[in-house]
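What follows is a set of notes on a single structure, which appears directly below.
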2 protein chains.
Amino acid sequence: MKRGVSQGGYSLREKIFQKLRQDILDGKYKAGDSLVEMKLAEEMGVSRTPVREAIRQLELERLVSSIPNKGVFVEGITRQDIEDIYAIRECMEGLAARWAIERMDEKSLRELENIYDLMEFYTTKGDLDQVGELNSQFHDIIFESTKSKPLMQILSDFQYYIENIRLASLKAPGRAMQSLIEHKAIVQAFKERDIAKGEKVLVEHISNSRLNVEKMPKA
Amino acid sequence: MKRGVSQGGYSLREKIFQKLRQDILDGKYKAGDSLVEMKLAEEMGVSRTPVREAIRQLELERLVSSIPNKGVFVEGITRQDIEDIYAIRECMEGLAARWAIERMDEKSLRELENIYDLMEFYTTKGDLDQVGELNSQFHDIIFESTKSKPLMQILSDFQYYIENIRLASLKAPGRAMQSLIEHKAIVQAFKERDIAKGEKVLVEHISNSRLNVEKMPKA
DNA sequence: ATTAACTATATTGTATACAATACAGAAATT
DNA sequence: AATTTCTGTATTGTATACAATATAGTTAAT
């Protein structure tokens with residue numbers, strides 16, 4: 001959980017970017033709020049320069065929008081955005097599965113298995129925050145195994161955007177166990193290098209996650 | 001064709017960003033080249049500040065990568081990236097068609113028809129640069145009609161990345177006319193608000209574009 | 001009272017100044 | 001000769017200074 005400006009990435013700008021992004025996704029800044037460089041800089045005890053650079057990056061991500069000489073305003077992620085992201089993932093994870101299975105090396109495969117084992121452990125233990133973290137790692141390994149820069153870029157950014165709601169939905173009754181079973185099927189298909197099966201179980205997993213999220217209260 | 005720093009967007013930073021991005025996509029800077037802030041600033045007759053901000057945005061797009069305290073290096077778009085982008089579009093444009101047909105208003109539909117008419121005109125006339133520009137507009141209207149921020153973001157960025165090769169492939173013998181016919185089918189399906197047909201013809205269009213690009217010389 | 005012009009202030013945009021870091025090449029040591 | 005340490009330089013990272021712009025509030029004109 002990266003917070004504050006004293007830990008995290010390397011440069012100030014990087015840390016500020018991470019923090020602002022997290023704050024926006026956490027709803028600490030709401031859509032329409034204006035971000036004033038000087039104010040943020042003072043709050044974090046830095047100059048405007050790294051704050052500006054972080055904002056420029058948020059702008060490219062469309063998490064904020066900037067009106068020249070006027071100010072920067074939070075866009076954030078809406079419920080609709082999240083639903084769209086799930087629909088998009090449902091389209092794309094089949095492709096991700098195929099490429100990953102074709103291109104994944106043994107090392108990544110073992111990593112995937114390790115993460116699955118840990119997920120099993122923490123699910124049994126009931127530590128769902130830990131499971132959520134492992135879940136992100138699990139899917140990141142798949143994304144990276146596709147060796148596709150464009151695909152990685154989309155899917156890992158999107159995964160980050162929906163992290164909060166994903167974690168919340170994991171806490172719905174029974175979902176953690178169901179999710180675990182789905183991940184097991186994914187690992188199995190990947191180990192067998194069975195592309196058809198891999199596409200099928202991964203897409204089903206996303207579809208189930210999506211249904212689960214859509215059942216969540218809209219708050 | 002946005003070039004130089006004297007025209008284009010609003011702020012210096014914006015103009016510099018556009019120019020650097022275009023130069024990278026045009027291959028003026030090649031993968032591995034290092035971008036030195038001071039050098040770029042002098043070339044464009046500005047200070048380092050707006051150059052830095054532009055670079056930070058390119059970094060987020062992964063068109064350059066930055067090693068702290070060391071430098072910024074061009075990543076660019078590889079042939080593999082372009083092929084991946086077509087594969088991704090083939091997955092996603094079906095969704096785009098569905099959403100666009102469901103949500104498109106009459107005004108956008110008429111715009112689409114207008115653009116098609118112009119495409120027809122310029123194709124007959126043989127002005128393929130103009131056709132290429134219209135092509136981008138055509139698909140942008142579809143993306144915007146989906147009213148989906150995540151989908152628009154992906155597809156319009158990707159469209160920009162492949163603009164050069166798309167234009168080149170349009171100049172392959174017979175491709176312009178074939179492409180025109182495909183666009184006509186798309187307009188037709190959209191006018192009829194026929195989702196199944198719209199998905200089919202749009203995905204086929206992408207698939208054909210992709211095959212056409214893959215036939216291109218790799219230079 | 002309404003509108004227009006002006007002024008003050010807040011904020012962003014850009015340039016410059018200073019600090020920290022990385023690296024290459026020279027000098028010193030073994 | 002090989003290795004280490006030093007030192008200078010180029011470059012990035014951050015802070016500050018200055019310029020331009022937008023907006024709100026006030027005054028002036030009708």
Side-chain angles (χ1 to χ4, degrees), chain A residues 2-21 23-24 29-76, chain B residues 2-21 23-24 29-76:
Chain A
K2 281 169 208 153
R3 283 289 149 64
V5 107
S6 41
Q7 74 274 24
Y10 186 90
S11 65
L12 266 181
R13 161 187 62 81
E14 179 69 17
K15 286 182 249 177
I16 293 168
F17 170 70
Q18 302 274 2
K19 174 173 161 44
L20 287 178
R21 187 159 82 145
D23 285 349
I24 291 172
Y29 301 111
K30 293 187 184 60
D33 285 1
S34 88
L35 296 182
V36 178
E37 292 169 10
M38 200 56 213
K39 204 163 146 253
L40 294 172
E42 273 170 12
E43 277 170 23
M44 305 192 215
V46 299
S47 79
R48 280 173 59 208
T49 308
V51 174
R52 272 185 73 84
E53 295 186 355
I55 286 178
R56 293 286 83 83
Q57 295 192 303
L58 293 170
E59 192 187 346
L60 201 78
E61 275 199 297
R62 305 199 180 41
L63 287 175
V64 305
S65 67
S66 158
I67 302 174
N69 287 308
K70 184 139 182 271
V72 172
F73 302 90
V74 174
E75 295 288 333
Chain B
K2 284 167 206 152
R3 283 287 151 64
V5 104
S6 40
Q7 72 275 28
Y10 186 89
S11 65
L12 266 181
R13 160 187 61 81
E14 178 69 17
K15 286 181 250 177
I16 294 167
F17 170 69
Q18 302 276 1
K19 173 172 161 49
L20 286 178
R21 187 160 82 145
D23 284 349
I24 291 172
Y29 301 111
K30 293 189 186 58
D33 284 2
S34 89
L35 297 182
V36 177
E37 292 169 10
M38 200 56 213
K39 204 161 145 256
L40 295 171
E42 272 170 12
E43 277 170 22
M44 306 193 215
V46 299
S47 80
R48 278 174 58 208
T49 307
V51 174
R52 272 184 74 83
E53 295 186 355
I55 286 178
R56 293 285 83 82
Q57 296 192 303
L58 294 170
E59 192 187 347
L60 200 79
E61 276 200 298
R62 315 236 206 332
L63 286 176
V64 305
S65 68
S66 157
I67 301 174
N69 288 308
K70 186 139 183 269
V72 172
F73 303 90
V74 175
E75 293 287 334

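Chain identifiers are assigned alphabetically (A, B, ...) following the order of the sequence lines, protein sequences preceding nucleic acid strands; residue numbering begins at 1 within each chain.
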> Can you name the side-chain hydrogen bond (donor to acceptor under 3.5 Å, both in side chains) partners of B/Ser65, sequence neighbours left out?
Replying inline: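 For B/Ser65 the side-chain hydrogen bond (donor to acceptor under 3.5 Å, both in side chains) partners, ignoring immediate neighbours, are B/Glu75.
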Within a strict 4.5 Å, meaning less than it, do heavy atoms of the [X] and [Y] side chains meet?
X	Y	result
B/Val51	B/Glu43	no
A/Arg56	A/Glu59	yes
B/Leu20	B/Gln57	no
B/Phe17	A/Leu60	yes

> How would nucleotides 13-22 of chain C be written as a contact map, 5' to 3', with B for base contact, S for sugar-phosphate-only contact and - for no contact, using protein heavy atoms under 4.0 Å?
Replying inline: BBBBB---SS
> Just by protein heavy atoms under 4.0 Å, how would nucleotides 5-10 of chain D read 5' to 3' in B, S and -?
Replying inline: ------
> Which pair of non-hydrogen atoms, one from B/Pro50 and one from B/Leu12, has the smallest distance, and what is that distance?
Replying inline: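 Closest heavy-atom pair between B/Pro50 and B/Leu12: CB-CB, 4.2 Å.
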> Partners of B/Arg21 by salt bridge (charged side-chain N to carboxylate O under 4.0 Å, His left out), sequence neighbours excluded?
Replying inline: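 For B/Arg21 the salt bridge (charged side-chain N to carboxylate O under 4.0 Å, His left out) partners, ignoring immediate neighbours, are B/Glu61.
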>> According to salt bridge (charged side-chain N to carboxylate O under 4.0 Å, His left out), who are the partners of A/Arg52, at least two apart in sequence or on a separate chain?
In response: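 By the salt bridge (charged side-chain N to carboxylate O under 4.0 Å, His left out) rule, A/Arg52 matches A/Glu37, B/Glu53.
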>> Taking Watson-Crick (N1-N3 plus N6-O4 or O6-N4) and G-U wobble (N1-O2, O6-N3), each under 3.5 Å, can you produce the dot-bracket string of DNA chain D? Use [ ] for crossing pairs and | for inter-strand ones.
In response: ||||||||||||||||||||||||||||||
> How would you label the contact of A/Leu35 with the nucleic acid (heavy atoms, under 4.0 Å): base, sugar-phosphate, or nothing?
Replying inline: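 The residue A/Leu35 makes sugar-phosphate contact but no base contact.
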> Tell me: NZ of A/Lys39 to P of C/dT11, nearest whole Å?
Replying inline: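 The distance from NZ of A/Lys39 to P of C/dT11 comes to 9 Å, rounded to the nearest Å.
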>> If I take atom CZ from residue A/Arg13 and atom OG from residue B/Ser66, how far apart are they, to the nearest 0.5 angstrom?
In response: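 So the gap between those two atoms works out to 5.5 Å.
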>> So, applying side chain to side chain contact (heavy atoms under 4.5 Å, CB included) with A/Leu58, which one of A/Val64, A/Ile16, A/Val72 is it?
In response: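 Of A/Val64, A/Ile16, A/Val72, side chain to side chain contact (heavy atoms under 4.5 Å, CB included) with A/Leu58 is met by A/Val64 alone.
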